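None of these values were measured; they are calculated from a predicted model. Proteins come first, then strands; the chains are lettered A, B, ... in the order of their sequence lines, and each starts at number 1.
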Amino acid sequence: QKEVEQNSGPLSVPEGAIASLNCTYSDRGSQSFFWYRQYSGKSPELIMSIYSNGDKEDGRFTAQLNKASQYVSLLIRDSQPSDSATYLCAVNIYTGGFKTIFGAGTRLFVKA
Amino acid sequence: KAGVTQTPRYLIKTRGQQVTLSCSPISGHRSVSWYQQTPGQGLQFLFEYFSETQRNKGNFPGRFSGRQFSNSRSEMNVSTLELGDSALYLCASSLARDTRTYYEQYFGPGTRLTVT
């Protein structure tokens, strides 16, 4: 089992719809959770961080964390063509030093 | 505030050579992590440095090494390059004011290494 799993996609949604991206992780000691957006040929850009169970909203983005189910998700409301990118889920664990494990990413296409 | 910078941005090397990549973190950030990104393996953690000490290391051979200087700048070295080392190498910095509390990581633009 991979440490951080995401659906590879591609996920295609029409403009204005809600895009839902999911991620599961295997290490129950995971402490912090992040979503990064990566455009083709660019480096990852942090869009959301979440540390405790529940929802965290920032503009059109909502991150949801359920530590009991080892599940984290990202909702993008009112999706725009500019949201088309690969979304990486990242999970951080402390083992004497910080180690961040990334999922393989989900490719999102927002159709105009 | 300036972001994370990496040099060089592009590099072409021959098998068997060695390479050194450089990363300057965001001002005030003391933690620097290095990652390798390839289409087949995705983003893989190489190592993390904090206050000149390597605190964690990923599953890479000993040919991959790094160091951090007192000004938090970091270098990564790969010796005896192999074709499979062709990748985007990313550096990320974080505040990490103390050793237990984690802060968000911010990535640099990366160095694209091609080994021929």
If contact means a heavy atom pair closer than 4.5 Å, which residues of residues 106-116 of chain B contact chain A?
->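 Residues in range: B/Tyr106, B/Phe107, B/Gly108, B/Pro109.
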
Of the backbone (N, CA, C, O) and the side chain (C-beta and beyond), which part of B/Gln44 lies under 4.5 Å from a heavy atom of chain A, both, or neither?
->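 Nothing of B/Gln44, per the 4.5 Å heavy-atom cut-off to chain A.
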
Which bit of B/Leu90 is near chain A, if near means a heavy-atom gap under 4.5 Å: side chain, backbone, both or neither?
->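 Only the side chain of B/Leu90 comes within 4.5 Å of chain A.
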
Results of side-chain hydrogen bond (donor to acceptor under 3.5 Å, both in side chains) for B/Gln36 - residues two or more places apart only =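 B/Gln36: side-chain hydrogen bond (donor to acceptor under 3.5 Å, both in side chains) contacts with B/Tyr89.
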
At a heavy-atom separation under 4.5 Å, does A/Gln38 approach chain B through its side chain, its backbone, both, or neither?
->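 For A/Gln38, the contact with chain B is made by the side chain alone.
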
Part of A/Ile101 lying under 4.5 Å from any heavy atom of chain B |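 For A/Ile101, no heavy atom lies under 4.5 Å from chain B.
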
All side-chain contact (heavy atoms from CB on, under 4.5 Å) counterparts of A/Asp27, not counting sequence neighbours =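 If we apply the side-chain contact (heavy atoms from CB on, under 4.5 Å) test to A/Asp27, skipping adjacent residues, the hits are A/Ser30, A/Ile93.
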
Does B/Glu82 have any side-chain contact (heavy atoms from CB on, under 4.5 Å) partners at least two apart in sequence or in another chain, and if so, which?
->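 B/Glu82 satisfies side-chain contact (heavy atoms from CB on, under 4.5 Å) with B/Arg63, B/Asp85 only.
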
Determine the sole option in B/Ser94, B/Ser93, B/Ser51 for which the side chain to side chain donor-acceptor pair (under 3.5 Å) test with B/Arg30 is passed.
->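 With B/Arg30 as partner, B/Ser94, B/Ser93, B/Ser51 yield a single side chain to side chain donor-acceptor pair (under 3.5 Å), made by B/Ser51.
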
Under 6.0 Å between the ring centres of B/Tyr35 and A/Phe102?
->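 Ring-ring flag for B/Tyr35/A/Phe102: true, centres closer than 6.0 Å.
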
Return the option, out of A/Leu88, A/Leu46, A/Thr86, with the maximum number of heavy-atom pairs under 4.5 Å with chain B.
->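 If we count pairs closer than 4.5 Å to chain B, A/Leu46 comes out on top.
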
Could you walk me through whether B/Gln54 and B/Glu48 pass the side-chain contact (heavy atoms from CB on, under 4.5 Å) test, one step at a time?
-> CA-CA 6 Å; B/Gln54 185 183 91; B/Glu48 186 229 359; over 6 Å; no

Return the orientation label for the B/Tyr49 and B/Phe47 ring planes: parallel under 30°, perpendicular over 60°, tilted otherwise.
->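 Perpendicular.
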
May I ask you to establish whether B/Arg55 and B/Phe50 are in a cation-pi arrangement, using a distance under 6.0 Å from NZ or CZ to the six-membered ring centre and at most 45° from the ring axis?
->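 Geometry flag: set, cation within 6.0 Å and 45°.
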
